[in-house]
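Please read the structure below before turning to the comments.
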Amino acid sequence: MKSTERHKLKENELAQTVARTREVIEQRRKEVTMIAIAAIAAAVLVGGFFTWRASRDGKAQALLATALAVAEAPVFTPPPPAPGSPPPVQPPGSFRTERERLEASIAPLQRAADAYPNTEAGITARYRLAATLAELGRFAEAEQRFQEVIQKAGQKNIYHHTARLGAGEAQLAQGKGDAAVETFKQIAADANSSLPVDGVLMQLGRAALAAGKKDEATRAYTRVVDEFPQSLYAAEAKGKLAEIKKA
């Protein structure tokens with residue numbers, strides 16, 4: 001092969017190599033561009049999500065704060081007016097009785113609970129609402145609100161466990177002894193519960209006695225005495241056992 005032909009052949013090979021390189025670079029540039037666009041879009045979505053969540057949580061906290069301002073407002077009963085004097089003025093933002101304050105807090109707590117039900121603030125509002133209803137003697141409503149808290153709060157959330165206790169107490173107050181016994185038994189047997197077992201066992205014993213289940217009550221109080229001898233409830237549990245034996 002002549003040197004001229006070899007030279008042309010090398011030029012053709014070089015041109016083909018350059019062309020292929022350009023094709024690869026162009027293809028890779030499109031891929032890189034698409035990846036960059038996807039990354040930017042993902043960043044925008046993630047940033048938008050966190051911005052939205054922060055905004056939602058802020059609004060939920062604001063509603064809760066408004067409700068708690070009512071639920072924790074001062075109670076002040078003005079003294080009787082002196083003869084011939086005008087009645088004392090009720091201080092702004094206060095209530096004459098505890099019951100008035102409880103009743104006034106229901107509506108704002110309900111709004112805070114319903115507006116953002118799955119946020120921490122919404123769950124807190126719903127728990128406070130349930131406790132308020134229980135204090136007012138509206139036990140059926142309280143039980144329902146406690147059950148809602150149990151469903152919405154994760155098992156690592158303290159309200160999940162305290163709401164279970166509240167539901168059992170509301171059941172007991174309604175005369176639903178069997179249901180209350182079952183609720184307290186489940187709490188006492190739950191290894192993940194953050195509630196003190198000795199206190200739950202005392203509630204179980206009380207519910208069992210109310211339901212006419214003396215054997216169940218005896219087992220609960222005996223566990224307190226045997227498993228928690230240093231408990232503040234130990235002396236009370238011994239007294240309950242003595243009462244059961246006399247009955």
- Ring centres of Phe76 and Phe95 under 6.0 Å apart? no

So does [X] have more than 12 non-hydrogen atoms from other groups sitting under 6.0 Å from [atom1]?
{"X": "Lys185", "atom1": "NZ", "value": "no"}
{"X": "Ile158", "atom1": "CD1", "value": "yes"}
{"X": "Phe228", "atom1": "CZ", "value": "yes"}

Check for a donor-acceptor pair, side chain of [X] on one end and backbone N or O of [Y] on the other, with a separation under 3.5 Å.
{"X": "Arg145", "Y": "Arg126", "value": "no"}
{"X": "Gln174", "Y": "Ala170", "value": "yes"}
{"X": "Arg101", "Y": "Ala73", "value": "yes"}

- Query: Would you say the side chain of Glu169 lies within less than 4.5 Å of the side chain of Phe139, judging by non-hydrogen atoms?
  - Reply: no

- Task: Check whether any side-chain heavy atom of Arg206 sits under 4.5 Å from a side-chain heavy atom of Tyr221, and report yes or no.
- Result: yes

- For Lys245 and Thr218, what are the C-alpha separation, side-chain angles and deciding distance, and is it a side-chain contact (heavy atoms from CB on, under 4.5 Å)? CA-CA 9 Å; Lys245 290 180 180 179; Thr218 298; over 6 Å; no

- Drop me the distance from His160's NE2 to Asn192's CG, to the nearest 0.5 angstrom. 9.0 Å

- CG on Leu133 to CD on Glu141, rounded to 0.5 Å: 5.5 Å

- Message: For a salt bridge (charged side-chain N to carboxylate O under 4.0 Å, His left out) check, start with the C-alpha distance between Arg223 and Asp198, then their side-chain angles and the critical distance, and finish with the verdict.
- Response: CA-CA 8 Å; Arg223 282 192 60 189; Asp198 54 343; over 6 Å; no

- Task: Go through the steps for Ile106 and Arg138 under the test side-chain contact (heavy atoms from CB on, under 4.5 Å), then give the verdict.
- Result: CA-CA 12 Å; Ile106 289 177; Arg138 296 162 60 173; 3.3 Å; yes

- Message: Is there a continuous path of hydrophobic side-chain contacts, each under 4.5 Å between heavy atoms, that joins Leu172 to Leu201?
- Response: no

